[in-house]
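One-based numbering, in listed order, for ligands and for the atoms of each.
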Amino acid sequence: MAVETYFKYLMKPLDLGFTSLKNRTIMGSMHTGLEESLFSLNKLASFYQERAKAGVALIITGGISPVFNGRLTLFSSQLSSYLQVLKHRKVTQAVHQYDCKICLQILHAGRYAFHPFAVAPSAIKAPISPFKPRALSNRQIRQLIKAFAKTAMLAKKAGYDGVEIMGSEGYLINQFICRNTNQRDDEWGGSFENRMRLSLEIIREIRRVVGYSFIVIYRLSMLDLHKDGSSWEEIQQHALAIEKAGATMINTGIGWHEVRIPTIAAIVPEAAFTWVTKNLKQTIDIPLITSNRINSPEIAESCLQNGDADMVSMARPFLADSEFVKKAKNNQSHLINKCIACNQGCLDRVFKQKRATCLVNPRAAYEVEFPLSRAGRQKTIIIAGLGVAGLSCAYYAALRGHRVIAYDAGNFGGQFNLASEIPGKESYHETIRYFEAQLSLLKVEVHRNHKLGYEDLRDTFADAIVVATGVRPRKPDIPGMDHFSVMDYETAIKNKTSIRQKVAIIGAGGIGFDVAEMLLTQNERNNNSDWYKKWGIDKTFKHRGGVQDIEQAAENHNTIYLLQRKDEKPGKHLATTTGWIRRLTLRRGGVKMMSGVSYEKIDDYGLHIVVKGEKVTLAVDHVIVCAGQLPENTLYDQLRDIGHPVHLIGGAKKASELDAETAIRDGMELAYSF
Ligand code: NAP
Ligand code: SF4
């Protein structure tokens with residue numbers, strides 16, 4: 001018997017006149033890295049198919065260029081010839097088996113193109129690309145409009161239900177709209193009417209070519225987040241013109257890629273920009289889609305109930321859990337694997353030209369390699385250690401039908417428990433909660449507060465023993481390490497409220513940055529309005545681009561030193577999409593970052609260092625050691641020596657440069673080998 005869903009607004013169909021969508025969920029555009037090669041099309045089809053099967057109403061593909069010079073990189077995908085139609089059919093057919101619609105996103109990178117053939121409204125280089133673009137001529141702009149329409153027509157032939165025109169995030173069309181990137185004095189530049197002309201002509205031409213019964217979504221930049229961006233009046237004027245030109249729906253874009261204001265990272269509050277869509281909703285009649293940091297059915301439902309939009313677009317949450325909609329519909333949101341907005345498995349990998357996946361769901365975009373199938377023979381697997389590597393292994397092994405008996409010396413979660421104490425990483429708890437719920441559902445025998453030792457396992461007949469016992473903090477060999485002012489990062493994080501004002505942090509890796517941020521922000525009020533002020537976001541719709549001068553942060557009474565031995569910029573190796581936010585946060589907070597440091601000793605006067613040949617004493621209350629980790633793998637060595645079928649995963653296998661993404665993937669890959 002079908003259950004009545006809690007999420008009535010989210011599950012309500014949407015009538016578009018010529019067609020309808022079965023509910024209000026959209027899987028937003030997300031590049032996976034599977035789009036480019038003919039050989040990966042079945043993988044792309046499987047990726048979308050799994051999400052379509054689980055009930056999402058509409059999928060929007062990753063961005064595909066209408067022309068060669070609009071590609072993001074030289075090898076990015078393009079749809080401009082009939083020969084390519086067949087390959088796209090594989091994708092649309094896979095999705096259409098499940099009453100799910102799919103739109104192709106048409107994206108022209110403009111000056112964000114990472115190749116020497118880049119074009120733009122004016123020949124002005126983007127700060128995030130080394131290539132200076134050529135300015136498009138009037139004739140080339142006219143050809144480009146036709147090219148957009150041709151791509152839409154080919155998309156229709158390939159079975160897509162519609163297209164999304166990428167008009168935000170600072171790509172070509174957005175570059176025409178804003179005056180800093182468009183300095184033309186012809187019919188495409190100057191007045192706002194001229195600057196928005198390209199977007200409207202593209203919509204009209206697409207509509208002319210594809211006819212009435214085809215979805216045309218326009219992704220509108222509603223907050224450019226730079227001072228030359230559109231004013232709110234211009235955005236309203238533009239939205240009305242888009243509606244009149246024949247768009248079916250308007251989707252939300254927030255911020256340009258070159259702007260240094262976070263819009264989707266974990267420190268951005270949940271549903272941080274739905275107030276923008278809510279304001280625009282009063283202006284237009286066609287359905288409006290909201291987006292950014294919406295990662296649970298509860299938040300999505302409240303946006304719709306609140307009248308913020310007609311539909312909710314989520315991209316990363318569908319990587320984290322392909323069954324997001326199915327679970328929401330069946331009132332099982334507690335079983336959803338929540339996106340923790342880390343960007344590690346998805347965007348950071350895409351920036352490195354790797355296939356996207358998900359830190360908390362390593363099957364994402366790997367559905368073909370790791371199918372949801374049961375193992376041929378049930379085995380008994382013992383797992384020692386339930387950090388994220390052990391949890392992942394236990395989950396996937398149980399899912400494949402094995403009997404799993406799992407032990408942890410304490411409780412679940414390992415290093416994720418520490419991570420969730422860091423500001424902006426609170427949702428890391430969700431991953432532990434997810435695995436805990438799944439292990440219970442799959443009837444894994446779990447033993448907490450039981451540290452497995454050699455004696456426990458010496459005589460076992462288990463088919464496999466998995467040692468996932470994690471890491472311990474490294475204790476560097478510096479005189480005075482036993483001084484009472486010294487503590488490791490675990491102790492510091494667990495006792496953060498008792499840490500005094502002057503602190504030196506040894507080690508500027510991911511955890512050193514985490515600890516500095518924790519100390520910096522622990523006095524800040526946990527208040528969303530502070531967050532907007534801190535990043536200069538104007539919520540009053542008065543300022544162009546939705547930005548104003550950043551409010552000076554309150555005087556910081558802490559003195560925090562972040563130190564490393566390497567003579568390079570601290571934080572150089574942090575992730576691409578979030579590293580800049582972390583460096584900026586510490587710089588603005590007055591954290592003193594020092595490189596090329598050597599440590600002399602620690603005593604009652606503080607930490608003695610030598611930097612650039614000069615002896616310096618940092619008079620601090622605490623020295624917090626964030627100098628990496630060492631593996632805890634004694635049990636593995638003991639069991640291997642007596643010939644047991646033992647496996648090592650996660651930090652216990654490789655502590656240096658281990659990250660959660662590798663640990664969770666390690667656990668899954670081992671489980672699939674049983
Ligand atoms: P890490 O990134 O390897 O950094 C360790 C730091 O300690 C380095 O700055 C290193 O710099 C210093 N160090 C190493 N040996 C030392 C010694 N003997 N004496 C003094 N200093 C020493 O390790 P982590 O910060 O513990 O992070 C562990 C893993 O978790 C990493 O893979 C990291 O990427 C990941 N992580 C990621 C995030 C994230 O936000 N994505 C957050 C936290 C952790 P010098 O050698 O130059 O001094
Ligand atoms: Fe979300 Fe991180 Fe997964 Fe990306 S990798 S989808 S940000 S949890």
**Request:** Answer yes or no as to whether an N/O/S atom of C358 is found below 2.8 Å from atom 3 (Fe) of ligand 2.
**Result:** yes
**Fill in**
Checking heavy atoms under 4.0 Å, the part of H573 that sits near ligand 1 is neither
**Request:** Nearest heavy atom to atom 27 (O) of ligand 1 wins, so pick from L418, V515, I511.
**Result:** I511
**Asked** Would you call E421-K494 a salt bridge at under 4.0 Å N-O?
**Response** no
**Item:** Passing candidate, ring-ring contact (aromatic ring centres under 6.0 Å, His included) with H257, options F351, W580, Y171
**Value:** Y171
**Item:** atom 7 (S) of ligand 2 [closest protein heavy-atom partner, distance rounded to 0.1 Å]
**Value:** N343 N, 3.0 Å
**Request:** Identify, for atom 41 (N) of ligand 1, the protein heavy atom at the shortest distance, and state residue, atom and that distance.
**Result:** Q344 OE1, 3.6 Å
**Asked** Does the protein place any heavy atom closer than 4.0 Å to atom 3 (O) of ligand 1?
**Response** no
**Message:** Suppose we measure from atom 36 (N) of ligand 1 to each protein heavy atom; which comes out shortest, and what is that distance?
**Reply:** G510 CA, 4.1 Å
**Request:** May I ask you to identify the nearest protein heavy atom to atom 1 (P) of ligand 1, giving residue, atom name and distance to one decimal place in Å?
**Result:** G509 CA, 4.1 Å
**Heavy atom of the protein closest to atom 2 (Fe) of ligand 2 (residue, atom name, distance)** = C342 SG, 2.4 Å
**Fill in**
re atom 35 (C) of ligand 1, the protein heavy-atom contact at minimum distance is L658 O, 3.9 Å
**Complete:** If you scan protein heavy atoms around atom 8 (S) of ligand 2, the nearest is I340 N, 3.3 Å
**Message:** Just to check, does A508 reach to within less than 4.0 Å of ligand 1 when the distance is taken from its heavy atoms?
**Reply:** yes
**Message:** I'd like the name of whichever of G512, C626, G651 reaches closest to atom 6 (C) of ligand 1 through any heavy atom.
**Reply:** C626
**Asked** Can you tell which part of A364 has a heavy atom less than 4.0 Å from ligand 2: side chain, backbone, both or neither?
**Response** neither
**Message:** Under 3.5 Å between any N/O of K425 and any N/O of ligand 1: does that happen in this structure?
**Reply:** yes
**Request:** Determine whether the side chain, the backbone, both or neither of D514 has a heavy atom under 4.0 Å from any heavy atom of ligand 1.
**Result:** side chain
**Prompt:** What's the shortest distance from atom 4 (Fe) of ligand 2 to any protein heavy atom, and which residue and atom give it?
**Reply:** C346 SG, 2.3 Å
**Closest protein heavy atom to atom 10 (C) of ligand 1, given as residue, atom name and distance to 0.1 Å** = K566 NZ, 3.9 Å
**Prompt:** How far is atom 26 (O) of ligand 1 from its nearest protein heavy atom, and which residue and atom is that?
**Reply:** Q629 NE2, 2.8 Å
**Prompt:** Side chain, backbone, both or neither: which part of Y489 has a heavy atom under 4.0 Å from ligand 1?
**Reply:** neither
**Message:** Show me which atoms of ligand 1 lie under 4.0 Å from any heavy atom of P476.
**Reply:** 17 (C), 18 (N), 19 (N)
**Prompt:** By number and element, which atoms of ligand 2 are closer than 4.0 Å to a non-hydrogen atom of A341?
**Reply:** 1 (Fe), 7 (S)
**Message:** Among all protein heavy atoms in this structure, tell me which lies nearest to atom 1 (Fe) of ligand 2, with the distance rounded to 0.1 Å.
**Reply:** C339 SG, 2.4 Å
**Message:** Checking T274 against T277: is there a side-chain donor and acceptor pair closer than 3.5 Å?
**Reply:** no
**Request:** Look only at the side chain of R51 and the backbone of M27, and say whether a donor-acceptor pair between them is shorter than 3.5 Å.
**Result:** no
**N-O pairing of E430 and R433 below 4.0 Å** = yes
**Complete:** The atoms of ligand 1 lying under 4.0 Å from a heavy atom of Y599, numbered in the order shown, are 20 (C)
